[in-house]
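See below for the structure under consideration.
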2 protein chains.
Amino acid sequence: MANGSSRATTLTDVARLAGVSVATASKALNGRAGVRTETRERVVDVAKRLAFQPNALAKSLLAGRTGTVGLLTSDMEGRFSLPIMMGVEDAFGAARTSVFLCDARGDSIREQHHVDALLSRRVDGLIVVGSRTEPRPSLGRGLPVPVVYVYSPSDHPDDMSLVIDNVAGASLAIQHLVTGGRKRIAHIAGDPGYQATHDRARGAEAALDAAGLSLACGRIHYGSWTEAWGRGATRMLLADEPAVDAIFCGSDQIARGCLEVLRDQGREIPDDVAVIGFDNWEVLTVNARPELTSVDMRLEELGRRAAQRLYEAIDERMTPGVEMLHCQIVQRGSTIPLN
Amino acid sequence: MANGSSRATTLTDVARLAGVSVATASKALNGRAGVRTETRERVVDVAKRLAFQPNALAKSLLAGRTGTVGLLTSDMEGRFSLPIMMGVEDAFGAARTSVFLCDARGDSIREQHHVDALLSRRVDGLIVVGSRTEPRPSLGRGLPVPVVYVYSPSDHPDDMSLVIDNVAGASLAIQHLVTGGRKRIAHIAGDPGYQATHDRARGAEAALDAAGLSLACGRIHYGSWTEAWGRGATRMLLADEPAVDAIFCGSDQIARGCLEVLRDQGREIPDDVAVIGFDNWEVLTVNARPELTSVDMRLEELGRRAAQRLYEAIDERMTPGVEMLHCQIVQRGSTIPLN
DNA sequence: TAGCGATGCGAAACCCTTTTCGATACTTTC
DNA sequence: GAAAGTATCGAAAAGGGTTTCGCATCGCTA
């Protein structure tokens with residue numbers, strides 16, 4: 001019984017037991033008109049008794065729609081893809097749409113293979129989730145279903161893409177520090193091999209400029225996305241510019257390293273120096289000492305929006321181009337005071 | 001073109017263009033016998049030209065198998081579910097099976113709804129991933145497809161479950177410390193509300209016993225899965241038993257807090273005190289100072305095994321009961337020396 | 001009582017593919 | 001030249017559901 005030995009009950013079974021034709025049974029179960037109430041109840045009763053579940057395959061075959069979408073990710077380890085996937089799953093789950101999960105592991109051959117498999121399963125649409133903000137190759141314009149690119153935009157302008165506004169997010173971080181009264185603000189950036197690094201740097205500079213301030217230490221420090229770099233950069237920073245009163249870090253990992261060195265060197269946080277991170281990765285921010293203020297990219301919301309956009313596109317209401325979602329500050333203990 | 005306006009090409013289209021019947025076209029494309037080579041080539045050519053993808057729905061409807069499985073998780077945030085899901089996806093991807101992703105968010109109503117949806121889509125099997133080691137309610141024994149429970153076993157002995165051996169994992173950690181010459185070993189445990197906490201504590205005590213040692217400080221410290229608890233517990237530990245030379249922490253987060261306090265108090269790691277964590281959560285272990293040795297639960301392998309077991313069950317080769325997977329040590333800088 | 005519309009139900013077509021089996025046409029053998 | 005055998009192909013059914021359309025049956029009116 002637990003392994004497919006017993007054929008699943010079909011509409012024919014229900015109809016036979018209810019003493020009606022399959023046509024009538026179908027109408028009865030789907031609330032269609034033209035069925036006497038008494039007959040309808042009899043059919044519904046039998047269906048419930050047999051635990052009848054209509055075969056979605058047969059239904060889809062006829063309807064031309066499957067109520068499924070493909071979720072194509074390039075790396076499931078990435079802490080960016082996952083919240084996005086959660087948002088997508090959440091939005092579709094509510095809409096009775098099932099999600100096919102595929103991980104291409106950054107391999108374009110494997111990706112193509114997955115796309116083929118999904119199309120042969122007649123998904124109603126595709127969502128492609130990237131893990132870097134650099135544009136990625138389009139899946140192509142000839143696909144029979146709509147595609148939404150998330151986090152990594154497509155390199156084709158006619159595709160639909162949904163991305164984070166890193167520039168504005170970084171500006172937000174700086175504004176938060178400025179509002180807190182900080183004057184000597186430094187920026188420890190991440191890996192210069194990433195577009196996101198430069199976007200955040202640009203946003204930070206623009207906001208400083210707008211506030212009439214300039215970078216403490218005169219320059220941005222580029223490195224990597226690690227705590228070790230956060231530690232090293234902070235040491236350099238404190239040597240160069242001991243009067244620094246706020247540090248905007250390109251990621252929470254960097255910020256954790258930064259916090260550690262500041263404490264080692266006897267600086268009070270946030271009184272002497274405020275620190276703000278980026279990503280709002282809870283395991284890092286909440287466990288920090290003090291807890292770390294950070295820029296949240298609202299990735300789950302991004303995923304939900306992607307699902308919504310895909311739905312619109314499935315209903316023939318395409319809106320091509322790149323849409324940006326803005327970040328928000330999540331304030332914690334590492335930034336507040338300074339009287 | 002990019003939004004389903006053009007009906008996907010069907011086998012009928014191919015057959016018509018190739019000037020043969022659908023039967024012949026099918027045989028030609030599937031390598032069946034009884035088709036002249038020249039005809040076969042013509043059909044294959046046309047199919048390629050039209051980018052024909054056979055409709056998997058129709059095929060499944062006929063075959064009685066869909067080549068899909070449902071992956072039911074209770075929380076996608078959990079750092080345990082994700083590597084398991086990766087392993088599952090990996091194993092099935094290679095087998096041309098597609099995975100439906102469903103997140104019940106710990107809600108049993110939502111879970112039931114997802115199960116119904118998956119069954120109506122005629123999945124060939126289900127994998128249920130939990131996030132705690134406590135047994136979870138069985139989905140029931142009357143399902144038409146096999147089910148494999150992963151990480152959280154089912155509470156019904158006839159179901160198939162695949163879990164981590166936390167007891168053995170903790171023993172491994174202690175053995176690693178003992179082998180390194182440590183004599184005064186303490187254990188900072190996690191949240192006592194978790195079964196895993198007690199399993200690990202039991203494994204640690206057993207291994208100490210086997211090595212003829214007893215717990216430094218005489219007792220296990222229970223708390224929570226946070227860095228803050230790691231810090232607090234370590235301070236207590238050092239006050240009670242300054243001569244401690246190794247600490248086994250119930251999680252990597254606890255270990256991070258532990259490392260921090262040890263360094264604050266001037267202990268050299270690993271020379272004075274060795275520290276070992278549990279989970280091998282890379283963002284925590286690799287970024288630690290020094291890098292943290294940890295017990296790896298091999299979750300991805302667990303996921304792969306689950307996929308494999310499900311396949312066997314689909315082919316009617318069920319093996320009910322709970323199977324345990326053993327952990328392994330990943331050694332890093334926090335444990336090695338002591339001459 | 002014949003005629004009418006409304007109502008309830010069932011036969012059949014359709015979605016797309018695979019598979020079986022029967023029908024050709026062609027070759028070989030006696 | 002007829003019978004037997006082989007190679008190639010197509011018609012049709014099956015899988016499970018939805019929808020259209022035609023057919024009864026019923027109550028009602030003239």
Side-chain angles (χ1 to χ4, degrees), chain A residues 4 6-44 46-47 50-68 116-117 119-124 144, chain B residues 4 6-44 46-47 50-68 116-117 119-124 144:
Chain A
S6 69
R7 223 180 77 278
T9 68
T10 95
L11 185 61
T12 313
D13 301 334
V14 176
R16 185 160 11 89
L17 243 81
V20 296
S21 72
V22 286
T24 304
S26 172
K27 279 179 278 194
L29 295 175
N30 291 310
R32 290 271 170 290
V35 183
R36 213 185 337 161
T37 313
E38 180 213 302
T39 311
R40 182 185 305 277
E41 280 169 356
R42 189 154 34 97
V43 172
V44 169
V46 172
L50 299 186
F52 170 69
Q53 287 277 24
N55 187 325
L57 298 167
K59 214 186 290 200
S60 305
L61 189 55
L62 200 54
R65 269 206 193 184
T66 55
T68 62
D116 289 346
L119 290 181
S120 90
R121 292 198 193 283
R122 296 297 186 265
V123 292
D124 295 331
Chain B
S6 68
R7 227 181 70 280
T9 68
T10 100
L11 187 60
T12 314
D13 301 332
V14 175
R16 186 160 9 88
L17 243 81
V20 298
S21 72
V22 285
T24 304
S26 173
K27 279 177 279 193
L29 293 174
N30 291 312
R32 290 270 169 292
V35 183
R36 214 186 334 165
T37 313
E38 180 212 301
T39 312
R40 182 184 306 275
E41 281 169 357
R42 190 153 33 95
V43 172
V44 170
V46 173
L50 298 186
F52 169 70
Q53 287 275 24
N55 187 324
L57 298 166
K59 216 186 290 199
S60 304
L61 188 56
L62 205 53
R65 269 207 193 182
T66 55
T68 62
D116 290 345
L119 290 180
S120 90
R121 293 198 191 283
R122 297 296 188 266
V123 293
D124 295 332

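Every chain is numbered from 1, with letters handed out A, B, ... down the list of sequences. Just so it is clear, the values below take in all heavy atoms, side chains as well, and ignore hydrogens, waters and symmetry mates.
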Pair A:Val35, A:Val20 - check side-chain contact (heavy atoms from CB on, under 4.5 Å), show working. CA-CA 11 Å; A:Val35 183; A:Val20 296; over 6 Å; no
side-chain contact (heavy atoms from CB on, under 4.5 Å) between B:Gln53 and A:Arg122, worked out: CA-CA 9 Å; B:Gln53 287 275 24; A:Arg122 296 297 186 265; 4.2 Å; yes
Rounded to the Å, how far apart are A:Leu57 CG and D:dT18 P? 13 Å
What integer distance in Å separates B:Arg121:CZ from D:dG16:P?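 From B:Arg121 CZ to D:dG16 P: 18 Å.
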Heavy-atom contacts, protein to nucleotides 8-17 of chain C, under 4.0 Å, summarised as B (base), S (sugar-phosphate only) or - (none) per nt, yield SBBB--BBBB
Working for side-chain contact (heavy atoms from CB on, under 4.5 Å), residues B:Val44 and B:Glu41: CA-CA 5 Å; B:Val44 170; B:Glu41 281 169 357; 5.7 Å; no
Which residue, A:Val43, A:Leu29, A:Asp13, forms the side chain to side chain contact (heavy atoms under 4.5 Å, CB included) with A:Phe52? A:Leu29
Answer yes or no: is there a side-chain heavy-atom contact under 4.5 Å between B:Leu50 and B:Val14? yes
